[in-house]
Amino acid sequence: MPNCLICRTPIEPFISFGKMPIANGFLNPEEFPHEHFFDLQVGFCSQCKMVQLTELVEQEKMFHGNYAFFSSTSSRMAEHFRRLADTVKREYLGPDPFVVEIGSNDGIMLQNFAQAGIRHLGIEPSANVAEVARQKGIRTISEFFNEDLARRIVAEYGQADAFMGANVVCHIPYLHSVVAGVKILLKPKGLMIFEDPYLGDIVAKTSYDQVYDEHAFYFSVMSVSYLVAQHGLEIIDVQPQTVHGGSMRYFIGHKGAHPIKPMVAAQLAKEEAMGLQRPETYVRLRENIERSRTDLMKLLRDIKQQGKRVACYAATSKSTTVTNYCGITPDLVEFISDTTPIKQGKYSPGAHIPVKPYEEFKKRYPDYALLFGWNHGEEIMAKEQAFKAAGGKWIVYVPKVQVLE
Ligand code: SAH
Ligand code: TMP
Ligand code: ZN
């Protein structure tokens, strides 16, 4: 049995999604024979309450000079990070401010600090996306963050007022080294502010497609409290976010340095009430996931029988779990439409569904569009009024499988 990555207690997986490829590993046909697969399984640690993958993919296989995810493809996310940066600028910066961000990607958040002339440093191991940030004038180094790097940053730049990370902390298996690094890096009143998809939303919405290689952890306030307390830090506030299908933003400071907002206890009480501390909750989650798969496959087969066309919308990393776990193959769906040039002309990981430029979708609307980018649903539906007006229908599977009329 594998051990919990946080507290070393042996854990048993509560669900197996079977063999999975790299979620962002879009590929060409000549690469099919060498595609890397691993067992995608999730476990719950009854000791420290952390939900986590029980088999991991090496980080260099996922984050490299050919990384396919560019944050700035979503204008709504750009707006989300602009607002966060404004709050940080207004409320959390002291004299001679310094802001560090891990997983800074193409600079979607740090651009707001760079433009304001605020000292900043992006830490982004995927060299191609880091280069886009540098082109925008954002100081970025291409390394994986850990305790050793934190020491080097302090030696060169001094301590930070804010240490930020969006959709990246949950990606890092060696979290103790990260949090130990944060402890070293933060000024006495400094704050770590990070956000990741929230376990409470995954359980409530059966959004199992949040589970893929990059997401080593599925955080709750409970499990994050336990982790940071091991390093003399504490959660001082939490703020639920609607982005990415439901995320949680955590504010963490040195123990005793800040008053703790009532929202922390309130959210912990909600988690208890939801049963996030109980193994039975995850047995129920598995049953809901299996039902979701059955329903989606029945719907897609029925539509095929009627001779209607289905295309998929947005080649998200999440969709790799859906296509491979459910068994959605190119005989059921024609292609995936996506606006990211690096994904276009390639094939989806594992299921090998062709990824085509968005223009293909517009040129000849399918009867149904399977919304793989449901987490960007509002932005996408607002943009696709013409598809609906032409009689097109959306298929969604979160929170349940349905056709939106
Ligand atoms: N913050 C952006 C990007 C999230 S994708 C957003 O929310 O849109 C996750 C990013 O984290 C990737 O660009 C990946 O290269 C980077 N990353 C992965 N492991 C990391 C680590 N150990 N330290 C710093 N960045 C890391
Ligand atoms: P994500 O869910 O992993 O953030 O991936 C988003 C993907 O969706 C990215 O490949 C770009 C694509 N996308 C579109 O194709 N059209 C859109 O309108 C949006 C918002 C995203
Ligand atoms: Zn544990």
Side-chain angles (χ1 to χ4, degrees), residues 3-11 23-24 26 43-52 59-60 62-65 67-78 80-81 84 100-110 122-130 133 140-146 149 164-175 177-178 181 194-196 209-210 212 214-216 223 226-227 243-245 247 312-320 336-344 355-358 361 371-384:
N3 292 332
C4 170
L5 291 162
I6 303 302
C7 77
R8 314 303 303 159
T9 303
I11 47 175
N24 265 308
F26 295 87
F44 163 69
C45 175
S46 51
Q47 187 63 36
C48 74
K49 318 298 177 206
M50 189 64 87
V51 174
Q52 57 198 282
Q59 55 185 7
E60 290 79 6
M62 300 183 283
F63 311 114
H64 41 59
Y67 188 53
F69 176 70
F70 289 74
S71 300
S72 297
T73 45
S74 165
S75 56
R76 178 157 175 247
M77 289 309 294
H80 170 80
F81 290 128
L84 171 59
V100 176
E101 190 194 1
I102 59 171
S104 47
N105 201 277
D106 57 12
I108 189 166
M109 169 134 67
L110 280 182
I123 299 162
E124 177 43 71
S126 296
N128 59 331
V129 295
T140 308
I141 54 174
S142 287
E143 284 196 53
F144 289 97
F145 182 78
N146 58 23
L149 180 56
M164 321 210 22
N167 307 301
V168 58
V169 178
C170 73
H171 292 48
I172 310 179
Y174 46 91
L175 269 188
S177 173
V178 170
F194 77 97
E195 62 190 53
D196 280 298
D209 56 349
Q210 295 286 8
Y212 55 92
E214 294 182 19
H215 290 171
S223 59
Y226 177 95
L227 167 68
V243 297
H244 286 310
S247 287
C312 313
Y313 199 103
T316 56
S317 19
K318 286 186 256 307
S319 65
T320 294
I336 310 174
S337 158
D338 197 279
T339 52
T340 318
I342 194 174
K343 296 181 185 175
Q344 295 163 355
V355 181
K356 303 215 164 147
Y358 172 60
F361 180 81
L371 185 56
F372 283 157
W374 61 268
N375 52 315
H376 302 289
E378 250 175 62
E379 178 175 350
I380 291 171
M381 303 237 182
K383 205 161 70 182
E384 297 301 343

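Each ligand, and each atom within it, is numbered from 1 in the order the structure gives.
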[X] versus [Y]: any side-chain heavy-atom pair under 4.5 Å?
{"X": "Ile342", "Y": "Phe26", "answer": "no"}
{"X": "His244", "Y": "Met77", "answer": "yes"}
{"X": "Thr140", "Y": "Leu110", "answer": "no"}
{"X": "Lys318", "Y": "Tyr212", "answer": "yes"}
{"X": "Ser74", "Y": "Glu379", "answer": "yes"}
{"X": "Cys7", "Y": "Cys45", "answer": "yes"}
{"X": "Asn24", "Y": "Thr320", "answer": "no"}

Report the nearest protein non-hydrogen atom to [atom]: residue, atom name, distance rounded to 0.1 Å.
{"atom": "atom 8 (O) of ligand 2", "result": "Ala314 CB, 3.3 Å"}
{"atom": "atom 12 (C) of ligand 2", "result": "Asp338 OD2, 3.1 Å"}
{"atom": "atom 3 (O) of ligand 2", "result": "Ser317 OG, 3.1 Å"}
{"atom": "atom 5 (O) of ligand 2", "result": "Thr316 CG2, 3.6 Å"}
{"atom": "atom 7 (O) of ligand 1", "result": "Asn167 ND2, 2.9 Å"}
{"atom": "atom 17 (C) of ligand 2", "result": "Lys383 NZ, 3.4 Å"}
{"atom": "atom 8 (O) of ligand 1", "result": "Ser71 OG, 2.7 Å"}
{"atom": "atom 6 (C) of ligand 2", "result": "His376 NE2, 3.6 Å"}
{"atom": "atom 23 (N) of ligand 1", "result": "Phe145 N, 3.0 Å"}
{"atom": "atom 15 (O) of ligand 2", "result": "Thr339 N, 3.1 Å"}

Requested in this report: For the pair Gln52 (side chain) and Met50 (backbone), establish whether a donor and an acceptor sit closer than 3.5 Å, ignoring hydrogens and angles.
Outcome: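 Checking the backbone N and O of Met50 against the side chain of Gln52, a donor-acceptor pair under 3.5 Å is found.
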
Query raised in the report: Do Gln344 side-chain atoms and Asp338 backbone N/O form a donor-acceptor pair below 3.5 Å?
Result: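 Yes, the answer is positive, given that a donor and an acceptor are paired below the 3.5 Å cut-off.
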
Please say whether [X] places an N or O atom under 3.5 Å from an N or O atom belonging to ligand 2.
{"X": "His244", "result": "no"}
{"X": "Glu379", "result": "no"}
{"X": "Asn375", "result": "yes"}

**Report entry** Close approach, Tyr174 and ligand 1, non-hydrogen under 4.0 angstrom
**Finding:**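 Yes; Tyr174 lies near enough to ligand 1 that a heavy-atom distance drops under 4.0 Å.
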
Report task. Determine whether any heavy atom of Glu124 lies closer than 4.0 Å to an atom of ligand 1. Result ->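 Yes, Glu124 has a heavy atom closer than 4.0 Å to ligand 1.
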
Let me confirm one number: the [atom1]-[atom2] distance from [X] to [Y], rounded to the nearest 0.5 Å.
{"X": "Glu101", "Y": "Phe194", "atom1": "CD", "atom2": "CZ", "result": "13.5 Å"}
{"X": "Asp209", "Y": "Asn375", "atom1": "CG", "atom2": "CG", "result": "7.5 Å"}
{"X": "Asn105", "Y": "Tyr67", "atom1": "CG", "atom2": "OH", "result": "6.5 Å"}
{"X": "Phe144", "Y": "Ser126", "atom1": "CZ", "atom2": "OG", "result": "6.5 Å"}
{"X": "Phe69", "Y": "Lys343", "atom1": "CZ", "atom2": "NZ", "result": "7.0 Å"}
{"X": "Phe81", "Y": "Arg76", "atom1": "CZ", "atom2": "CZ", "result": "11.0 Å"}

Query raised in the report: Against heavy atoms of Lys318, which atoms of ligand 2 measure under 4.0 Å?
Result: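 Checking each atom against Lys318, I get 2 (O).
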
Query - Distance filter under 4.0 Å to Thr340 heavy atoms, resulting ligand 2 atoms - result: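 Checking each atom against Thr340, I get 9 (C), 10 (O), 11 (C).
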
Can you list the atoms of ligand 1 that are under 4.0 Å from a heavy atom of [X]?
{"X": "Ile172", "result": "21 (C), 22 (N)"}
{"X": "Ile123", "result": "24 (C), 25 (N)"}
{"X": "Phe81", "result": "7 (O)"}

Query - the Zn ion (ligand 3) neighbourhood, protein N/O/S only, threshold under 2.8 Å - result: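 Listed by chain and number, the nearby protein N, O or S atoms are Cys4 SG, Cys7 SG, Cys45 SG, Cys48 SG.
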
Query raised in the report: Between Lys343 and ligand 2, which residue portion shows a heavy-atom distance shorter than 4.0 Å: side chain, backbone, both, or neither?
Result: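 Looking at Lys343 and ligand 2, just side chain atoms fall under 4.0 Å.
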
Requested in this report: Please work out whether any backbone atom (N, CA, C, O) or any side-chain heavy atom from C-beta onward of Tyr358 is under 4.0 Å from ligand 2, and answer side chain, backbone, both or neither.
Outcome: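 Neither part.
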
When only distance counts, is [X] in polar contact with ligand 1, meaning an N/O pair under 3.5 Å?
{"X": "Gly103", "result": "yes"}
{"X": "Asn105", "result": "yes"}
{"X": "Ala166", "result": "yes"}

Query raised in the report: Parallel, tilted or perpendicular: which describes the rings of His215 and His171, with under 30° parallel and over 60° perpendicular?
Result: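 Geometry flag for His171 against His215: perpendicular rings.
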
Query raised in the report: Among Ala216, Ala78, Ser104, Pro125, whose heavy atom sits nearest atom 20 (C) of ligand 1?
Result: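 Among Ala216, Ala78, Ser104, Pro125, the closest heavy atom to atom 20 (C) of ligand 1 comes from Pro125.
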
Query - Minimal non-hydrogen separation, Ala314 against Ser319, with atom names - result: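 That would be O-OG, 4.4 Å.
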
Report task. For Glu214 and Ser317, test the side chains for any donor-to-acceptor distance below 3.5 angstrom and give the result as yes or no. Result ->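 Glu214 vs Ser317: no donor-acceptor pair found between side chains.
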
Report task. Decide yes or no on side-chain hydrogen bond (donor to acceptor under 3.5 Å, both in side chains) for Tyr174 and Gln59, but give the supporting numbers first. Result -> CA-CA 11 Å; Tyr174 46 91; Gln59 55 185 7; 3.0 Å; yes

